[in-house]
Amino acid sequence: MSRHKLVKALDLDEELDDFNGGAESDYDEVSAGDREQLRLGTIKVREMLGDESGITNQEIEDSLWHYYYDADKTVTYLLSQMSNSQPKKSKKKKTGDGKAKAIGPSPDDVVRKAQNTKKPAPKAVEQSAPPTIGDKSINGIVQGVSEITIEDTKVKGKNLDVLAEFKKSKPRNAANFVVIGHVDAGKSTLMGRLLYDLKVVDPKTLDRYRKESERLGKGSFALAWVLDQGTEERNRGITIDIAMNKFETEKTSFTILDAPGHRDFIPNMIAGASQADFAVLVIDAGTGNFESGLKGQTKEHALLVRSMGVQRVVIAINKLDTVQWSQDRFDEISQQIAAFLTSAGFLAKNLAFVPCVGLTGDNIVRKADDPKASWYTGPPLVSILESSEPVTRALEKPLRLTVDDVFRGGVQNPLSVSGRLEAGSIQIGDTILVMPAKEAGAIKGIEVDSEPSEWAVAGQNIILHLAGIDAKYLKSGDVICAPLAPIQCVTSFKAKVLAFEHITPMHCEIHKGRLHAPGRITQLIAQLDKASGAMIKGKKPRLIKPGSVARVLVEVDNPIPLEQGGRIILRAGGVTIGAGLVER
Ligand SMILES: Nc1nc2c(ncn2[C@@H]2O[C@H](COP(=O)(O)OP(=O)(O)OP(=O)(O)O)[C@@H](O)[C@H]2O)c(=O)[nH]1
């Protein structure tokens, strides 16, 4: 099978555009090695999908090719394609008792299964005496890479003053937020309403969803489907297990980070929360629902985002129509949530509450129409989101981009990566360093929000087209950095973690965004006060109980790129046991 055929099947128009405009292309035959990778990958994907998927081998191979043989991503992508072509039919099915029940594995289930499947440990990069955080031997790396030259990449840059260009572009504030809350709290409906009322989605599309959902006896789901529509972006190869939806207000450009299926966030939420500037916590105000939600995911999600370093939460107390817009109910829930969140370490000044009805749009973009809501004189949700402090961009810091996806970005761009630029700035022609591989490459193209750009700065979600580096040196979770200020790769580090389960010295997996690495908690150094983070004096703990915060020492088998302030999650046996921040 020719590579031409594979590429063609992915996005014909785009690829032909690329092809026609390009002077050189490399439509060579697929090598024997590639063919073997495709064969093995197809077997693995088939196993993960099951026999009933109806997906052809050709489709599997095309996706494997696009994602550089990554079976997990291929499965997630194919499932998303399946659910896009049959919206929601496969998500929920009416049962005899009128309740909706999930059928078949959800994308979350598959992603979780895939993440729990033991993968071969990433090949250790030759590195003498891997440093721990703060180790001075990092200077050796700097020296080594400063001598790197990249030959034959023919990438000419314009030598722009990127920060000046950025200022000239009169940027809007940019903020990423993650949506959290209990199952059925109305998260998708509320976000769908937000997008619809801000005219991100046209009425025709919503009309189509309405008709389809009514036909299925689930009319109220139409708005939730609006949110899923954004996942079409996956076709371009960007983040596939967190759906990203964007919307802009006058002042700010927002990205909603959400997990497909909107059911069981963890572990997709790990990746989402690690990129979030703040969280929107959706609460179902319905009688009994708030109480059961607080016992369940409401609490778990809130603790998780807190331990991932998220400091600000906007609390949407939703479905107020079901309690006749009772102010007493709103006050009661607000007080309880505020008490819980402050005890979990959030500052009261960083919490904002808004009563709303996602289904009708009351207090989402416009003020509530319902006369029973007249007691609320505050702003609607969107104004609260907008009034968030502008997120400070780490523009002047050394370049850091954690790779979300590695994929083939087109005929002219055989190697592309996507991710959020966490710090620094870049432009076409720049030399970058990939860690932990310690391999250099050059930037030959940049896309910001799917538009070509000469440059990009911290805070933007981008795609980089690379040259002068082989795909084998890149994988999800790697960090792209400036050659003269590389991130350290460590084999041990201290972390302040919030325990979700009992923690003892034990084997665990370390997750940081897309990075997953096997390791161990080797020491429980101290128990910490949850709110202040101060050490609780006494003997070294032998066990950390769920809900407590502790400082632990973690060791990993192979060096991983980590630095102070990095947000990590610890998992064992497929369960999140703790989450927290990397310390020195
Ligand atoms: N009465 C009322 N019902 C709502 C409101 N918002 C959502 N719903 C309904 O609540 C149910 C769940 O809504 P979703 O938006 O799917 O909730 P979710 O939190 O995204 O659910 P999961 O994805 O399963 O976690 C649907 O039947 C919605 O129509 C609201 O403001 N008022």
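Counting starts at 1 for both ligands and their atoms, following the listed order. Atoms considered below: every heavy atom in the structure, side chains included; atoms not considered: hydrogens, waters and symmetry mates.
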Chemist: Of the listed options (V179, T189, L320), which comes nearest to atom 14 (P) of ligand 1 when hydrogens are ignored and any heavy atom counts?
Modeler: T189
Chemist: With sequence neighbours excluded, what pairs up with R46 under the salt bridge (Lys or Arg N to Asp or Glu O under 4.0 Å) test?
Modeler: none
Chemist: Please identify which atoms of ligand 1 are closer than 4.0 Å to at least one heavy atom of K187.
Modeler: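 Reading through ligand 1 atom by atom, the close ones are 15 (O), 17 (O), 18 (P), 19 (O), 20 (O), 25 (O).
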Chemist: State, to 0.1 Å, how close R571 and I569 come at their nearest heavy-atom pair, and which atoms those are.
Modeler: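 Closest approach of R571 to I569: CG-CG2, 3.9 Å.
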Chemist: Salt bridge (Lys or Arg N to Asp or Glu O under 4.0 Å) with E501: which residues, sequence neighbours excluded?
Modeler: none
Chemist: Under 4.0 Å, heavy-atom basis, I'd like to know which part of N318 is in contact with ligand 1: side chain, backbone, both or neither.
Modeler: side chain
Chemist: Taking 4.0 angstrom as the limit and counting only heavy atoms of G358, give me the atoms of ligand 1 inside it, by number and element.
Modeler: 31 (O)
Chemist: Please could you name the atoms of ligand 1 that T322 approaches to less than 4.0 Å, counting only its heavy atoms?
Modeler: 1 (N)
Chemist: Answer with side chain, backbone, both or neither: which part of D321 has a heavy atom less than 4.0 angstrom from an atom of ligand 1?
Modeler: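 Side chain only; the backbone of D321 stays clear of ligand 1.
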Chemist: Does any N/O atom on C356 come nearer than 3.5 Å to any N/O atom on ligand 1?
Modeler: no
Chemist: Check the side chains of T249 and E386 for a donor-acceptor pair under 3.5 angstrom, ignoring hydrogens and angles.
Modeler: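 Checked: E386/T249 side chains pair up, N/O donor to acceptor below 3.5 Å.
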Chemist: Would you say S387's side chain and S383's backbone share a donor-acceptor pair under 3.5 angstrom?
Modeler: yes
Chemist: Parallel, tilted or perpendicular for F330 and W375, by the 30°/60° rule?
Modeler: tilted
Chemist: In terms of ring plane angle, is the pair F254 and F247 parallel, tilted or perpendicular, where the classes change at 30° and 60°?
Modeler: parallel
Chemist: For G186, counting its heavy atoms only, list the atoms of ligand 1 lying under 4.0 Å from any of them.
Modeler: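 Checking each atom against G186, I get 7 (C), 13 (O), 14 (P), 15 (O), 17 (O), 18 (P), 19 (O).
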Chemist: Measuring from the heavy atoms of G181, does anything fall under 4.0 Å of ligand 1?
Modeler: no
